[in-house]
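For the single chain, residues carry numbers from 1 onward in sequence order.
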Amino acid sequence: MMRKYLFIGWAVWMVVILGIISSCSQDKGTSRLAWGKYYLWSAPDSSYRILNAIPFPDKLSVEEQACYALLMTQAMYRCGHKISSDSLINIAVQYYSSQGNADDKASALLYKGYILEDLGQDNEALYAYKQAEEAVKTVKDLRIHFLIYTALGNINGRYAHYEHSLSYYRKALDLNLSVPAWNAMGGEYIFAPLYLAQGTPRYNEEVKLVYDKFLGLVNRMDFTSQEKIYYQWALKEKDKQEWDSAASFLLKAMDYTTTVESRYWYDAELAVIYKHLGKTELVDSLRNRALKSSRPLLRSSVYKAIYQDLLAAGKLSKANEYMQCYINELELLFTSGSRTELFKIEKRYDYTALLRQNDEYRSRWSITLLITVAAVFSLTLLLWGSWKFFRRQKLEILSHYKRDASMLQQQIDDLQERIEENQGEAKILQEQMQILEKEKKSKEIRIRQLELTFRSKHISLPVESVEAAQVYLQIVTKGTPHYTPAEDRTKLEYWLNISRNRWAERLEKLYPSLTNGEKDICYLFVVGLSFDEMASLLGVQSRSVNRVVYRICRKMGIEQGSKDEFVAQIFRLDDCDTNI
């Protein structure tokens, strides 16, 4: 039993120790990834040694494996190591296509394009570069932008797509990378599109632009970049027919090359230069080495050069043999078919970008439409709530007035009972009752106004209508009517216009010479007051009213000027259908 417990204890300790070791190993691997990324731009050889020291990369997490694959590929490429397969970088491409940030995704696709281009798979390389171009739109690191644009410029220029090539080079130049930025990159890949100098001023101008900007940076670059620069300079000197200088630059490029295919290409170019220098004994050996290339384009160019030399020498039978070899390489099919395929890739990506842009526009319109609908709905809800609140407020005011009137009536009834019970207090109670009666009439007038307001389909009547109705009710109220011409004349005119088919406007149109006092007599008669009531309401004697009536009749064209004729004329005016 004791041995059993000891065995269990040892097993537990071993598991704990293994877990600690695994954790430390994983932390150590993670730390090395961070240091490898830190030294990638400034010291790529140190970055490569740090990453290569990670003992078990396959035991890292999925995210760390993708980071390791990308950093190791970058370090190997920057140090000039030959990469014979894209299997490692595919791990990073597969992971960053759906996860991670845009910088890592664009970098993974860029270096995959580098590897495929070195392997001679130019179509697949262009496809990877175009994917990187899509991803780089949200990348903040300008170095990645520059590398992608120059890679696309180089591959398009090599296939004579000069318009596309120049546009990408302009994008790279527009980034305005300064010398400190190049130092931060550690002399990373540079471009010099000297092969664009095909004898036209436009292309020569582009080459000069690149020369002026990057000529002083060659010695600070890595081997791969220096190789490309020296090769482009050799082509430039070749175009100027400076054969010795061109051969010197080409030999320097050959010293820095790391791929067999590049060396074959340099052999073919060097054979052309040696031919012009008269070193014919070296031309054939260089051409024979170049014919070992796996690139049909290179082999076809070599066969074509041999055929032309033999034809010029008069060796027709031998020239025909090399012509057949040239035809077998299908140079014409290569230069047309491959360019067509490359253009298809360009068009497909352009169409994809257009569809994505249209989707963005539709999304923006959808969001705008939703915001508009929400705003309209909110405004409608606010107006409906305001209307309900106003209606409730009006109903509460009406209820309050009715309640006050009911309470006043109850007080009047109580006082009436007290008067009947106690005749000694009749006078005092009678005065109180009169005061309450007056207040009750005021409340009843307000109730009639509010009830008139609520008979309308719209709760909110104009203030002018309510005030005009109030003046009319004050005039026709029995007991103590009230009318102040200076203040109430306009409101009474408004009431006659809305209640009697614009009666005041018709009176003004037919008899514009009437004064305000004469209009008051006409208005008060129309609302139903007698001449004596008008005199009492206006605070004048009946004779004054008669004189005004006489003046009105004269202005209306009535010769006699009697009250009967005045009444008849007012009734005729009331029945008139004159349109104002």
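- Surrounding CD of Q308 are more than 12 heavy atoms belonging to other residues, nucleotides or ligands, all under 6.0 Å away.
- In plain terms, the two heavy atoms of A253 and Y266 that are nearest each other are O-CE1, 3.8 Å.
- I273 and A247 get closest at one heavy-atom pair: CG2-CB, 3.9 Å.
- L270 places a side-chain heavy atom less than 4.5 Å from the side chain of Y274.
- Across all non-hydrogen atoms, the minimal contact from A108 to Y96 is CB-CD1, 4.4 Å.
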>> Checking K112 against E117 for the salt bridge (charged side-chain N to carboxylate O under 4.0 Å, His left out) test, could you report, in this order, the C-alpha distance in whole Å, the side-chain angles of both residues, the deciding distance, and whether it holds?
In response: CA-CA 9 Å; K112 180 178 180 180; E117 190 174 1; over 6 Å; no
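- Within the 3.5 Å criterion, the main-chain N or O of I89 finds no donor-acceptor partner in the side chain of D86.
- Side-chain contact between H145 and K137 is absent, with no heavy-atom pair separated by less than 4.5 Å.
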> Is there a side chain to side chain contact (heavy atoms under 4.5 Å, CB included) between D267 and Y264 once you walk through the steps?
Replying inline: CA-CA 5 Å; D267 288 336; Y264 289 151; 4.2 Å; yes
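- Looking only at distances, no side-chain donor or acceptor of S293 sits under 3.5 Å from a matching main-chain atom of A290.
- Rounding to the nearest 0.5 angstrom, the gap separating the CH2 atom in W384 from the NZ atom in K388 is 5.5 Å.
- A donor-acceptor distance shorter than 3.5 angstrom exists from the side chain of Q65 to the backbone of L60, with no hydrogens or angles considered.
- For the residue pair G113 and A125, the shortest heavy atom distance occurs at O-CB, 3.4 Å.
- Using modelled atom types, no side-chain atom of S248 and backbone atom of D244 make a donor-acceptor pair closer than 3.5 Å.
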> How far apart are the C-alpha atoms of L126 and L152, what are their side-chain angles, what is the distance that settles it, and do they pass the side chain to side chain contact (heavy atoms under 4.5 Å, CB included) test?
Replying inline: CA-CA 7 Å; L126 178 61; L152 284 166; 3.7 Å; yes
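- One finds a salt bridge joining K238 and E269 here, because a Lys/Arg side-chain nitrogen approaches an Asp/Glu carboxylate oxygen to under 4.0 Å.
- Summarising the geometry of A102 relative to A135, their closest heavy-atom pair is CB-O, 4.0 Å, with the distance given to 0.1 Å.
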>> Test side chain to side chain contact (heavy atoms under 4.5 Å, CB included) on D122 and I155; report intermediate values, then the result.
In response: CA-CA 8 Å; D122 290 345; I155 194 170; 4.3 Å; yes
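- Residues T150 and Y168 have side chains not in contact (no heavy-atom distance under 4.5 Å, counting atoms from C-beta outward).
- Summarising the geometry, atom CD belonging to Q99 is positioned 11.5 Å from atom CG belonging to D104; distances are rounded to the nearest 0.5 Å.
- Atoms SG and CG, from C79 and D45 in turn, are 5.5 Å apart once rounded to the nearest 0.5 Å.
- With respect to K315 and D309, no salt bridge is recorded, no charged nitrogen being found less than 4.0 Å from a carboxylate O.
- Within the 4.5 Å cutoff, no side-chain heavy atoms of L370 are placed close to those of I367.
- Seen from the ring of Y307, K304 does not count as a face-on cation partner, given the 6.0 Å and 45° thresholds.
- Rounding to the nearest 0.5 angstrom, the gap separating the OG atom in S85 from the CG atom in L119 is 7.5 Å.
- Under a 3.5 Å cut-off, the side chain of E64 and the backbone N or O of S61 do form a donor-acceptor pair.
- Using a 4.5 Å heavy-atom cutoff, the side chains of H276 and Q241 are not in contact.
- Relative orientation of the Y111 and Y77 rings is perpendicular, given thresholds of 30° and 60° on the angle between their planes.
- Side-chain N or O atoms of S285 include one that pairs as donor or acceptor with a backbone N or O of L282 at under 3.5 Å.
- Taking both residues in full, the closest heavy atoms of S97 and K105 are given as O-NZ, 4.0 Å, listed atom of the first, atom of the second, then distance.
- Side-chain contact check for E133 and Y149: no donor-acceptor pair (N or O, by modelled atom type) lies under 3.5 Å.
- Between atom CZ of residue R289 and atom CG of residue D284 there is a gap of 12.0 Å, rounded to the nearest 0.5 Å.
- Y129 is listed as a side-chain neighbour of Y114, based on a closest heavy-atom distance under 4.5 Å.
- A 4.5 Å side-chain heavy-atom check between T380 and L383 finds every atom pair outside the cut-off.
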>> Walk me through whether I54 and M72 qualify under side chain to side chain contact (heavy atoms under 4.5 Å, CB included).
In response: CA-CA 11 Å; I54 297 178; M72 178 59 78; over 6 Å; no
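- L71 places none of its side-chain heavy atoms less than 4.5 Å from the side chain of S47.
- To the nearest 0.5 Å, atom CG of residue L110 and atom CD of residue Q74 are 8.0 Å apart.
- No donor-acceptor pair under 3.5 Å is formed between the side chain of N52 and the backbone N or O of Y48.
- By the 30° and 60° cut-offs, the orientation of the rings of W35 relative to Y39 is parallel.
- Among I115, L51, I91, the single residue meeting the side chain to side chain contact (heavy atoms under 4.5 Å, CB included) criterion with T73 is I115.
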